[in-house]
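Take a look at the structure below.
These numbers were taken from a predicted model, which means no experiment stands behind them. Lettering of chains follows the sequences in order, A, B, ..., and the numbering in each one begins at 1.
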Protein chains: 2
Amino acid sequence: MPIERVIAAAVKLVDEVGPGDFSMRLLAQRLQSSTATLYRHFASKDEIFAEVVDHVLGEVPRHLTDTADTATWQERLITIADALFRTLKKHPTVVSLFNDHIPFGPQGLAARETAMGVLLSSGFSPEAAAKAYTVVAHYTIGFASQLGAYAGDGPEDDQGIREFYDSLDPARYPATVASAPFLPSSLDDEFRFGLQLIVDGLTTQLAAVPTPTTPSPHRR
Amino acid sequence: MPIERVIAAAVKLVDEVGPGDFSMRLLAQRLQSSTATLYRHFASKDEIFAEVVDHVLGEVPRHLTDTADTATWQERLITIADALFRTLKKHPTVVSLFNDHIPFGPQGLAARETAMGVLLSSGFSPEAAAKAYTVVAHYTIGFASQLGAYAGDGPEDDQGIREFYDSLDPARYPATVASAPFLPSSLDDEFRFGLQLIVDGLTTQLAAVPTPTTPSPHRR
DNA sequence: ACCTGAACACCGTTCAAGT
DNA sequence: ACCTGAACACCGTTCAAGT
């Protein structure tokens with residue numbers, strides 16, 4: 001009956017069977033209760049999913065690796081994005097739920113506050129921080145959303161994808177075949193590659209305006 | 001009974017009611033047929049969704065704006081990503097289906113081939129082209145995946161989000177409140193901002209290796 | 001007050017039976 | 001050979017009835 005127990009069980013169930021096979025009946029059964037009882041705590045399945053998203057966001061701080069006081073804002077921003085990405089990778093089936101609603105729950109707000117604090121104390125202007133965090137958060141969640149496509153039943157692992165493009169008719173798909181051997185080795189590598197590009201781009205962009213870009217100690 | 005008519009009706013139905021409310025019965029009814037007949041053409045609902053994704057990808061070329069022969073690869077790459085993003089924006093409820101499977105259908109292959117052709121003929125090495133296209137494609141689809149979150153029932157429009165963050169307790173969420181007035185004005189603007197960052201990053205990255213980055217006429 | 005079995009109006013998928 | 005009504009085993013959500 002404690003609400004937190006329901007949410008924890010819901011997270012576990014989504015992790016195990018995915019949002020598609022998740023059902024109120026299954027959840028009620030696991031809690032040795034009935035669906036009608038669940039509806040006294042939550043208005044709908046969707047509301048439970050929102051709580052699941054918030055619960056998962058609560059794990060982000062655990063994946064935040066310590067950064068030295070001398071770390072640049074670039075290093076700090078990459079650390080934050082990486083913590084979010086690693087959290088989502090631990091709950092691959094949950095990620096799609098992030099695309100239904102903006103995470104306005106307490107853990108979502110806390111994650112945003114922590115990240116914005118790091119950026120502001122690293123010398124970002126409020127405007128630059130808002131744009132940087134928003135784009136990095138959307139980039140990270142967007143990439144993680146596609147994790148599911150690489151865990152299906154087709155030739156959908158790194159090696160299989162390369163082989164598939166390589167096996168196409170070179171007369172019909174010359175450019176695709178030519179580049180097939182050079183495809184990124186994993187969505188992970190690609191995520192880091194793109195994240196670095198964005199941070200590089202932010203560095204260039206910020207250097208062009210009077211916003212201070214020199215690192216300053218975080219939360220001294 | 002022609003298979004293309006079924007797919008066209010499926011796209012229309014997903015556009016209208018979303019994947020959640022889409023049902024085989026509803027589709028059969030629109031086609032004045034029965035669900036059992038649908039199963040003689042497609043093995044499952046999932047297979048129909050795969051065809052819907054491919055059909056939508058077929059619209060990308062229509063959104064490709066003409067680029068001058070003197071256009072840089074940066075301009076060409078942005079044009080390609082923008083065409084994909086605009087296509088997905090026209091089918092916001094379809095986008096989530098992109099996250100279930102890699103688009104290996106004929107239209108998906110054609111879109112990839114066109115984009116890779118542009119990059120290769122713009123002077124990219126096969127390796128640089130593969131990495132650049134993959135990261136840009138995932139970036140674009142990832143961003144578009146989150147379009148749904150900004151069309152819900154909460155305070156989920158640009159103005160409402162700003163107001164929500166602005167109304168938080170400044171003592172508890174100082175960094176969030178400080179940056180609230182500067183949030184990007186729309187997911188559109190943010191998409192273009194991030195895309196520019198990635199292209200800027202690619203420019204820096206490519207300048208550091210012997211890969212030619214000078215524009216050359218496309219498909220002369 | 002708190003809980004729940006059973007019901008309602010749906011699903012995806014299959015199959016025996018019709019033309 | 002091609003189609004389909006009806007069935008099967010499920011859904012989310014509600015509500016009358018029980019303690």
Side-chain angles (χ1 to χ4, degrees), chain A residues 1-55 93-94 96-101 105 148-149 151-154, chain B residues 1-55 93-94 96-101 105 148-149 151-154:
Chain A
M1 90 193 69
I3 208 165
E4 184 50 54
R5 210 187 276 294
V6 178
I7 297 169
V11 172
K12 221 174 129 199
L13 187 53
V14 176
D15 276 341
E16 286 175 33
V17 305
D21 287 340
F22 174 100
S23 80
M24 299 298 268
R25 279 171 174 83
L26 217 48
L27 180 60
Q29 189 180 306
R30 296 245 178 141
L31 293 164
Q32 317 217 91
S33 178
S34 75
T35 58
T37 303
L38 289 174
Y39 280 91
R40 292 204 324 110
H41 294 290
F42 304 95
S44 64
K45 190 173 74 154
D46 210 51
E47 198 173 297
I48 292 187
F49 281 164
E51 298 288 346
V52 167
V53 164
D54 202 59
H55 185 98
T93 68
V94 175
S96 71
L97 302 178
F98 278 76
N99 293 326
D100 295 328
H101 298 293
D153 38 348
Chain B
M1 95 193 69
I3 210 165
E4 183 49 55
R5 210 186 274 295
V6 178
I7 297 168
V11 172
K12 220 173 132 198
L13 185 54
V14 176
D15 276 342
E16 284 174 34
V17 305
D21 288 339
F22 174 100
S23 81
M24 299 298 269
R25 278 169 173 84
L26 217 47
L27 180 59
Q29 190 181 307
R30 296 243 180 143
L31 292 163
Q32 316 218 92
S33 177
S34 75
T35 58
T37 303
L38 289 175
Y39 279 91
R40 293 202 325 109
H41 294 289
F42 305 96
S44 65
K45 189 174 77 157
D46 210 52
E47 198 172 297
I48 292 185
F49 282 165
E51 298 290 344
V52 167
V53 164
D54 201 59
H55 185 97
T93 69
V94 175
S96 71
L97 302 178
F98 277 76
N99 293 325
D100 294 328
H101 298 295
D153 38 347

Could you pull out all residues at least two apart from [X] that satisfy side chain to side chain donor-acceptor pair (under 3.5 Å)?
| X | answer |
| --- | --- |
| A/Glu16 | A/Arg30 |
| A/Ser34 | A/Thr37 |
| A/Asp21 | none |

* Of A/Val53, A/Val52, A/Val6, which meets side-chain contact (heavy atoms from CB on, under 4.5 Å) against A/Val11? ->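 Going through A/Val53, A/Val52, A/Val6 one by one, the side-chain contact (heavy atoms from CB on, under 4.5 Å) with A/Val11 is satisfied by A/Val52 alone.
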
Closest approach of [X] and [Y], non-hydrogen atoms and distance?
| X | Y | answer |
| --- | --- | --- |
| B/Val17 | B/Phe22 | CG2-N, 3.7 Å |
| B/Met24 | B/Ile48 | CE-CD1, 3.8 Å |
| B/Ala9 | B/Leu31 | CB-CD2, 3.8 Å |

Under the side-chain contact (heavy atoms from CB on, under 4.5 Å) test, which residues partner [X], sequence neighbours left out?
| X | result |
| --- | --- |
| B/Thr93 | B/Val14, B/Asp15, B/Pro19 |
| B/Arg25 | B/Ser23, B/Thr35 |
| B/Ala50 | none |

Identify, residue by residue, the members of residues 44-55 of chain B with a heavy atom below 4.0 Å from DNA chain C, and return them in order of residue number, or none.
->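 Here the set is B/Ser44, B/Lys45.
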
- What residues form a ring-ring contact (aromatic ring centres under 6.0 Å, His included) with A/Phe42, not counting sequence neighbours?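 Counting only residues at least two positions away or on another chain, A/Phe42 forms no ring-ring contact (aromatic ring centres under 6.0 Å, His included).
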
Practice problem: Test side-chain contact (heavy atoms from CB on, under 4.5 Å) on A/Phe49 and A/His101 and set out the steps. | Solution: CA-CA 10 Å; A/Phe49 281 164; A/His101 298 293; over 6 Å; no

Original post:
Which residues, if any, of residues 16-31 of chain B bring a heavy atom under 4.0 Å of DNA chain D?
Top reply: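 Within residues 16-31 of chain B, the residues near DNA chain D are B/Arg25.
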
Can you run down the salt bridge (charged side-chain N to carboxylate O under 4.0 Å, His left out) pairs that involve residues 33-54 of chain A, sequence neighbours left out, and say none if there aren't any?
->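 Every pair satisfying salt bridge (charged side-chain N to carboxylate O under 4.0 Å, His left out) with a residue in residues 33-54 of chain A: there are none.
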
*Paired stems touching DNA chain D, three or more consecutive Watson-Crick or G-U pairs with both distances under 3.5 Å?*
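C:4-8 with D:12-16, C:12-16 with D:4-8 - these are the stems of 3 or more pairs that involve DNA chain D.
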
- Take atom CZ of A/Arg40 and atom C1' of C/dA1, then tell me their distance rounded to the nearest Å.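 These atoms are roughly 8 Å apart.
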
Rounded distance (Å) that lies between atom P of C/dC2 and atom CG of A/Leu38 =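 Taking CG of A/Leu38 and P of C/dC2, I get 16 Å after rounding.
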
Letter by letter from the 5' end, nucleotides 14-19 of chain C scores (B base, S sugar-phosphate only, - none; protein heavy atoms under 4.0 Å) BB----

Does a side-chain N or O from B/Thr37 land closer than 4.0 Å to OP1 or OP2 of D/dT4, or not?
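The answer is yes; a side-chain N or O of B/Thr37 sits under 4.0 Å from OP1 or OP2.
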
